Structure formats: C-alpha cells, structure tokens
Colleague: 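First the structure, which I've put down as structure tokens, then a few questions once you've had a look.
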There are 2 protein chains.
Amino acid sequence: MKHSEELLRSHGIKVTPQRLTIVDELYGRIHLSIDELYMAIKEKFPSISLATVYKNINAMMEKRFIKEVKIPNQKSRYELIKEPHSHVVCQKCGKVEDVHIDLSTVAKEAMEKSRYHINEDALIFTGVCPECAS
Amino acid sequence: MKHSEELLRSHGIKVTPQRLTIVDELYGRIHLSIDELYMAIKEKFPSISLATVYKNINAMMEKRFIKEVKIPNQKSRYELIKEPHSHVVCQKCGKVEDVHIDLSTVAKEAMEKSRYHINEDALIFTGVCPECAS
DNA sequence: TTAAATGCAAAAAATTTGCAGACGT
DNA sequence: ACGTCTGCAAATTTTTTGCATTTAA
C-alpha cells in the first residue's frame with residue numbers, strides 16, 4: 001500500500017484521490033502554502049476546488065498528521081508531522097528548510113523560568129540561505 | 001515627553017491621539033491581537049476605525065518598532081520591539097507571556113547545520129500555565 | 001447502503017484601498 | 001501651508017459554509 005494511502009487510512013480518514021494528491025504533494029515538497037498546494041494539485045487534478053483543499057487541510061490538522069508552520073512575513077505553510085524539528089527561512093528568497101536541533105535544554109529553561117508545563121516548541125530562524133548569500 | 005510620544009517621534013511617524021493610544025495599549029498589555037487592540041482603543045477613543053488600526057499597525061511594523069507574533073492556533077498578536085525574547089503560550093487559556101532565554105547556542109547550531117546566515121529567531125513554547133495546571 | 005467527501009456558489013471574515021476632510025508639524 | 005492621517009465606504013482577499021451530487025467503505 002502506498003505511503004500516503006496508509007497515512008490517511010491509519011488516521012481514520014477516507015481515502016480519496018484528492019487527499020492522496022495533497023499528501024503526495026506534501027511528501028514531495030515538504031512545506032506548501034494553501035495556494036501553492038492548490039495550484040500544484042490542479043495540475044494533476046484540474047477539477048479540485050479550493051474549498052476542498054481548505055476542508056482537507058483542516059481535517060488533516062484535526063487528525064493531527066499535518067501541521068501549520070507560521071512564518072514571519074509569509075503565508076502559513078503546511079507540513080506532514082514527523083520527528084520534531086525547527087525551520088530556517090531565507091529572508092531574500094523565501095525558501096524554508098528543516099533543521100534538526102535539540103531543544104530540550106532551552107525547553108527546560110523555559111519551564112523553570114515561566115513555570116509553564118511546556119510540551120511543544122516552534123522555532124523559526126530567519127536569515128540568508130547559502131545561495132542568496134553568494 | 002511621554003514614552004509613547006517619544007517612540008513615535010523618534011521613528012519619524014506623526015504623533016496622533018490614535019497612535020498614542022495604540023502604543024500605550026501595547027505598553028500596558030504587551031501582546032494584543034488586532035481586534036483586542038481595536039476594542040481596547042474604542043473604549044478610550046470611540047471614533048477610531050478598524051482601518052486606522054490596520055494602517056497604523058502596518059506603519060509601525062514598517063518603522064520597525066512593533067512586531068507581529070504568530071502564535072499556533074491563535075490570531076497574531078503585536079508587541080513593541082524590545083530586547084530579544086521568546087514566548088510561552090498556554091494551550092488552555094490562550095495567555096501569552098515573554099520568557100528570556102539565551103538562544104545563541106542553538107542559533108549557532110542552526111547556522112552550522114543549515115549553512116544559513118541566521119540573524120533572527122522566533123521561538124514559541126506551547127504548554128499549560130501554572131493557573132490552568134492547578 | 002450509508003456516511004462522508006466533493007465542487008460549486010454564496011456567505012462570512014479579514015485586510016486593504018481610495019478619497020474627502022481633519023490634523024500635526 | 002503642506003503633507004500626512006483619519007474615518008468611512010467600497011473593494012479585495014482569505015476562509016468557511018450549505019447543499020446537491022458523487023464516492024469510498
């Protein structure tokens with residue numbers, strides 16, 4: 001069984017061609033905004049409606065297998081949930097990439113200083129990517 | 001001269017009662033969404049229009065003395081720019097607080113791993129505040 | 001067979017714009 | 001006096017909703 005189909009099935013959400021395309025797209029490009037997603041899907045699936053994309057993104061977020069990445073000065077993007085990681089975003093070209101950094105130490109410090117019981121973190125670094133730097 | 005007036009003046013933006021109220025509001029409550037801001041200001045300044053709030057928030061962001069804080073599962077909030085800091089947000093009551101943590105070590109790690117030249121970070125911890133925990 | 005998903009159009013929500021009059025410098 | 005800001009209404013943009021039809025299980 002295809003990876004994307006398995007993902008939908010295991011989260012108790014109906015497997016439709018539209019949804020498979022959305023998930024496949026997210027496997028391939030990792031971070032996509034609603035309209036990037038919509039346009040990308042329209043190529044493979046011209047009849048899809050924007051409302052369907054919205055409905056599915058919301059459904060998948062409720063089922064907790066994709067999540068929204070809120071990026072400074074950009075539209076939100078969506079990604080499949082995998083192991084915890086942070087993001088770097090290029091302020092020149094807008095590119096977004098994953099970066100794996102252990103945040104347990106800072107999370108511990110945040111708990112001590114804030115007295116909150118922390119269970120998630122979202123860290124986004126803004127800077128200039130190697131391509132734009134050269 | 002009032003602190004808020006000085007702030008506007010020093011950023012080359014005209015001092016109006018509406019703007020003073022916006023800045024004062026942000027001094028007092030630290031993190032406010034557009035409509036929290038709008039409603040709060042309406043009390044002191046019933047004639048203010050929502051468009052004015054938007055225009056001013058955008059103007060102040062361009063002048064770089066306030067910034068948007070994008071929070072998971074919530075509307076964006078805005079804050080006056082001060083020394084760098086992170087945020088904790090309570091997933092029960094929605095409260096947002098500052099927490100001061102030194103991120104230079106993780107930023108360095110992000111630079112090494114991503115090869116980006118990092119110059120900003122935005123870190124938000126999600127958890128449960130002491131009040132909601134008890 | 002049946003509950004859920006799709007696609008459309010319409011509605012609602014969020015944000016921006018244009019412009020005449022008011023106001024700050 | 002001049003250029004900017006305000007407030008209103010209208011325009012755009014973004015997201016959600018209702019509903020008839022189709023589709024997955």
Side-chain angles (χ1 to χ4, degrees), chain A residues 1-2 4-25 32-63 65-78, chain B residues 1-2 4-25 32-63 65-78:
Chain A
M1 192 191 298
K2 252 181 103 179
S4 44
E5 180 176 345
E6 169 57 20
L7 188 63
L8 292 168
R9 219 176 278 289
S10 66
H11 286 87
I13 179 176
K14 243 176 196 173
V15 178
T16 69
Q18 290 87 340
R19 283 176 178 168
L20 287 171
T21 313
I22 290 175
V23 174
D24 283 343
E25 212 51 59
L32 290 167
S33 68
I34 291 281
D35 22 304
E36 284 171 338
L37 210 38
Y38 178 53
M39 289 189 297
I41 294 166
K42 241 185 174 330
E43 309 235 319
K44 303 184 179 172
F45 220 105
S47 73
I48 202 171
S49 101
L50 183 54
T52 300
V53 177
Y54 273 107
K55 282 172 187 168
N56 282 326
I57 288 295
N58 288 333
M60 292 176 190
M61 287 206 291
E62 266 167 34
K63 299 292 185 186
F65 66 94
I66 73 172
K67 65 182 275 193
E68 186 176 0
V69 185
K70 292 189 169 189
I71 300 170
N73 313 313
Q74 282 196 23
K75 285 187 189 163
S76 287
R77 300 174 179 230
Y78 299 85
Chain B
M1 193 191 296
K2 252 182 102 179
S4 43
E5 181 177 345
E6 169 56 22
L7 189 64
L8 294 168
R9 219 176 277 288
S10 66
H11 286 87
I13 179 176
K14 243 174 195 172
V15 178
T16 69
Q18 290 85 340
R19 282 175 178 165
L20 286 171
T21 314
I22 291 175
V23 174
D24 282 344
E25 212 51 61
L32 290 167
S33 68
I34 291 282
D35 20 305
E36 285 171 336
L37 211 38
Y38 178 52
M39 290 190 297
I41 294 167
K42 243 185 173 330
E43 308 235 320
K44 302 183 181 173
F45 220 104
S47 73
I48 201 169
S49 102
L50 184 53
T52 299
V53 177
Y54 274 108
K55 282 172 188 168
N56 282 325
I57 288 295
N58 288 334
M60 292 176 190
M61 288 206 290
E62 267 166 35
K63 300 292 185 184
F65 65 94
I66 72 171
K67 64 182 276 193
E68 186 177 0
V69 185
K70 291 188 169 191
I71 299 169
N73 313 314
Q74 282 195 26
K75 285 189 188 161
S76 287
R77 300 175 179 230
Y78 299 85

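Proteins get letters first, then strands, A, B, ... in listed order; numbering begins at 1 in each. Computed from a predicted model, the values in this text were never measured in an experiment.
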Colleague: Round to the nearest Å and state the distance from A:Glu5 atom CD to D:dA24 atom C1'.
Modeller: 11 Å

Colleague: What does B:Pro17 touch in the nucleic acid at a heavy-atom separation under 4.0 angstrom: a base, only the sugar-phosphate, or nothing?
Modeller: sugar-phosphate

Colleague: Could you check how far CG of A:Leu20 sits from C1' of D:dT23, rounded to whole Å?
Modeller: 13 Å

Colleague: Got B:Ile41 and B:Gln18 here, is their nearest side-chain heavy-atom distance under 4.5 Å?
Modeller: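 No - every pair of side-chain heavy atoms lies 4.5 Å or more apart.
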
Colleague: Expressed as a whole number of angstroms, how long is the span from A:Ile41:CD1 to C:dT6:P?
Modeller: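 So the CD1-P distance, A:Ile41 to C:dT6, works out to 11 Å.
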
Colleague: Between B:Ile57 (CD1) and C:dT16 (C1'), how many Å, whole number?
Modeller: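 Value for this atom pair: 15 Å.
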
Colleague: Figure out the NE2/P separation between B:His11 and D:dC5, and round it to whole Å.
Modeller: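 For the pair B:His11 NE2 and D:dC5 P, the rounded distance is 15 Å.
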
Colleague: Over how many whole Å does the gap from B:Met61 atom CE to C:dT15 atom C1' extend?
Modeller: 11 Å

Colleague: Closer than 4.0 Å, any side-chain N/O of A:Gln18 to the OP1 or OP2 of D:dT23?
Modeller: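 For D:dT23, OP1/OP2 do not have a side-chain N/O of A:Gln18 under 4.0 Å.
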
Colleague: Quick one: bend of the helix from C:dT1-D:dA25 to C:dT25-D:dA1 from 5 pairs per end, to 10°?
Modeller: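 That helix has its two terminal axes inclined by roughly 50°.
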
Colleague: Test your reading of the model: is there a side-chain donor-acceptor pair from A:Arg19 to the backbone of A:Lys14, 3.5 Å cut-off?
Modeller: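 Yes, the answer is positive, given that a donor and an acceptor are paired below the 3.5 Å cut-off.
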
Colleague: Can you confirm whether more than 12 heavy atoms, excluding those of A:Asp35, are under 6.0 Å from its CG atom?
Modeller: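 Result for CG/A:Asp35: enclosed.
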
Colleague: Begin from the C-alpha positions of B:Glu68 and B:Ile57 and carry the test side-chain contact (heavy atoms from CB on, under 4.5 Å) through to its verdict.
Modeller: CA-CA 9 Å; B:Glu68 186 177 0; B:Ile57 288 295; over 6 Å; no

Colleague: Could you state the CZ-C1' distance from B:Arg9 to C:dT25, rounded to the nearest angstrom?
Modeller: 9 Å

Colleague: One character per nucleotide, please: for nucleotides 8-16 of chain D, 5' to 3', B when the base has a protein heavy atom closer than 4.0 Å, S when only the sugar-phosphate does, - otherwise.
Modeller: BB----SBB

Colleague: Whole Å only: how far is the NZ atom of A:Lys14 from the P atom of C:dA5?
Modeller: 6 Å

Colleague: Below 4.5 Å, heavy atoms only, C-beta onward: do B:Tyr78 and B:Met61 meet side chain to side chain?
Modeller: yes

Colleague: Would you check if the side chain of B:Lys44 reaches a backbone N or O of B:Thr21 as a donor-acceptor pair within less than 3.5 Å?
Modeller: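 The answer is no, because no donor-acceptor pair under 3.5 Å joins these two groups.
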
